[in-house]
Colleague: 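Attaching a single structure in structure tokens format; questions to follow.
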Amino acid sequence: MKLITSILSLLILGTLNAWAETPDESTIDWKSAKEVKSLIVLKLDPQLGEVTYGPNFARSDEALFAKYSEIYLTMSINPKNEEFFTLFVTAHDNDLDWHSYDTATKKDGEKLGIKTIAKNEDVSVNNVVYKHEEQLLISMSFIDFVDGFDFGMELTISGNQADKLMIPATYFRAMMQSMPQ
């Protein structure tokens with residue numbers, strides 16, 4: 001009898017645990033602002049202030065994830081009540097030379113500030129070895145952020161090679177919905 005009770009308890013707890021798990025970036029519907037919002041994280045930092053981290057959009061598509069291990073947006077409000085919107089991109093390649101991205105351009109031709117924050121050689125990401133990894137920081141204004149809310153953002157990053165990224169409006173809507181009041 002104790003064995004049956006133990007087995008039933010284990011099954012019930014296992015079922016409840018499966019229901020309680022939140023989806024990760026590779027399983028959510030990226031067209032649903034509600035599902036994207038469920039993965040947004042808010043952190044408080046004494047120096048940076050309030051920082052909201054969007055989910056890793058690179059995980060939305062296998063082809064995208066093969067080239068980028070990270071694409072995520074942050075919104076931060078520093079202790080002086082200044083707002084900053086930043087897109088972080090980590091790109092990987094096995095080309096002969098660095099891509100050296102130095103330009104970020106929106107579809108309408110507007111240029112955004114871009115900065116390389118790290119370059120690493122011979123990195124392993126998800127059991128794949130890449131010759132080059134470039135970590136980029138792309139600054140946006142509040143207007144750029146709001147434009148993304150309405151239309152999404154098609155962004156071309158270029159240097160020795162050009163790549164297009166398309167971040168859907170639902171991503172920006174979810175981030176906007178998570179903003180503190």
Side-chain angles (χ1 to χ4, degrees), residues 16-78 82-93 99 101 104-107 112-118 120 123-128 130 133-157 163-181:
L16 290 175
N17 188 33
W19 285 337
E21 287 183 18
T22 57
D24 68 8
E25 288 98 339
S26 60
T27 62
I28 68 168
D29 176 7
W30 288 93
K31 294 176 184 167
S32 167
K34 182 179 179 182
E35 285 193 43
V36 173
K37 186 179 175 188
S38 73
L39 294 172
I40 293 173
V41 175
L42 173 69
K43 293 184 179 179
L44 298 176
D45 181 277
Q47 278 79 34
L48 299 175
E50 188 175 276
V51 183
T52 305
Y53 296 88
N56 185 0
F57 183 71
R59 305 226 19 157
S60 68
D61 179 85
E62 281 188 41
L64 194 60
F65 194 56
K67 183 153 182 119
Y68 302 95
S69 62
E70 295 179 316
I71 301 172
Y72 65 93
L73 180 65
T74 65
M75 300 182 306
S76 60
I77 302 172
N78 70 11
E82 298 168 316
E83 293 180 329
F84 299 93
F85 302 89
T86 308
L87 184 67
F88 289 92
V89 177
T90 301
H92 299 102
D93 67 77
H99 289 185
Y101 299 108
T105 310
K106 290 176 34 178
K107 185 177 182 179
L112 301 177
I114 185 170
K115 182 178 180 181
T116 300
I117 53 177
N120 302 303
V123 295
S124 177
V125 178
N126 299 317
N127 299 321
V128 177
Y130 294 96
E133 174 185 79
E134 297 179 61
Q135 296 176 353
L136 310 170
L137 177 149
I138 301 170
S139 302
M140 290 185 221
S141 68
F142 179 72
I143 297 198
D144 297 323
F145 177 77
V146 171
D147 282 348
F149 175 81
D150 287 332
F151 307 110
M153 181 178 286
E154 184 176 313
L155 188 65
T156 302
I157 56 174
D163 293 310
K164 286 189 190 257
L165 300 173
M166 178 58 195
I167 302 170
T170 52
Y171 189 96
F172 289 93
R173 282 190 202 115
M175 292 293 285
M176 181 73 88
Q177 291 170 0
S178 69
M179 288 179 87
Q181 301 300 322

Colleague: Would you mind reporting whether Met175 and Val36 have side-chain heavy atoms less than 4.5 Å apart?
Modeller: no
Colleague: Applying side-chain contact (heavy atoms from CB on, under 4.5 Å) to Leu73 and Tyr171, what does each step give before you reach the verdict?
Modeller: CA-CA 9 Å; Leu73 180 65; Tyr171 189 96; 3.5 Å; yes
Colleague: Between atom NE2 of His99 and atom OG1 of Thr116, what is the distance when rounded to the nearest 0.5 Å?
Modeller: 12.5 Å
Colleague: Return the set of residues passing ring-ring contact (aromatic ring centres under 6.0 Å, His included) with Phe149 (not counting sequence neighbours), or none when no residue passes.
Modeller: none
Colleague: Would you say Leu44 has more than 12 foreign heavy atoms packed within less than 6.0 Å of its CG?
Modeller: yes
Colleague: Could you state the interatomic distance from CD1 (Ile157) to CG (Leu112), rounded to the nearest 0.5 Å?
Modeller: 11.5 Å
Colleague: Return yes when atom CD of Glu82 has more than 12 non-hydrogen atoms of other residues, nucleotides or ligands closer than 6.0 Å, and no otherwise.
Modeller: yes
Colleague: So, using ring-ring contact (aromatic ring centres under 6.0 Å, His included) as the criterion, who are the partners of Tyr68 when residues are at least two apart?
Modeller: none
Colleague: So do the side chains of Ile40 and Gln177 get within less than 4.5 Å of each other, counting heavy atoms only?
Modeller: no
Colleague: Side-chain contact test, heavy atoms from C-beta onward, threshold under 4.5 Å: evaluate it for Phe88 versus Leu137 and give yes or no.
Modeller: yes
Colleague: Give the minimum heavy-atom separation between Leu42 and Glu50, together with the two atoms involved.
Modeller: CD1-CG, 3.3 Å
Colleague: Mind checking the OG1-CE spacing from Thr86 to Met75? Nearest 0.5 Å is all I need.
Modeller: 11.0 Å
Colleague: So which atom in Asn56 and which in Glu70 form the shortest heavy-atom distance, rounded to 0.1 Å?
Modeller: OD1-CA, 3.3 Å
Colleague: Quick one: are Ile114 and Tyr101 in side-chain contact, heavy atoms under 4.5 Å?
Modeller: yes
Colleague: First locate atom CD of Glu154, then atom CG of Leu165, and finally report the distance between them rounded to the nearest 0.5 Å.
Modeller: 9.5 Å
Colleague: Supply the atom-to-atom distance Leu39 CG to Thr27 OG1, rounded to the nearest 0.5 angstrom.
Modeller: 7.5 Å
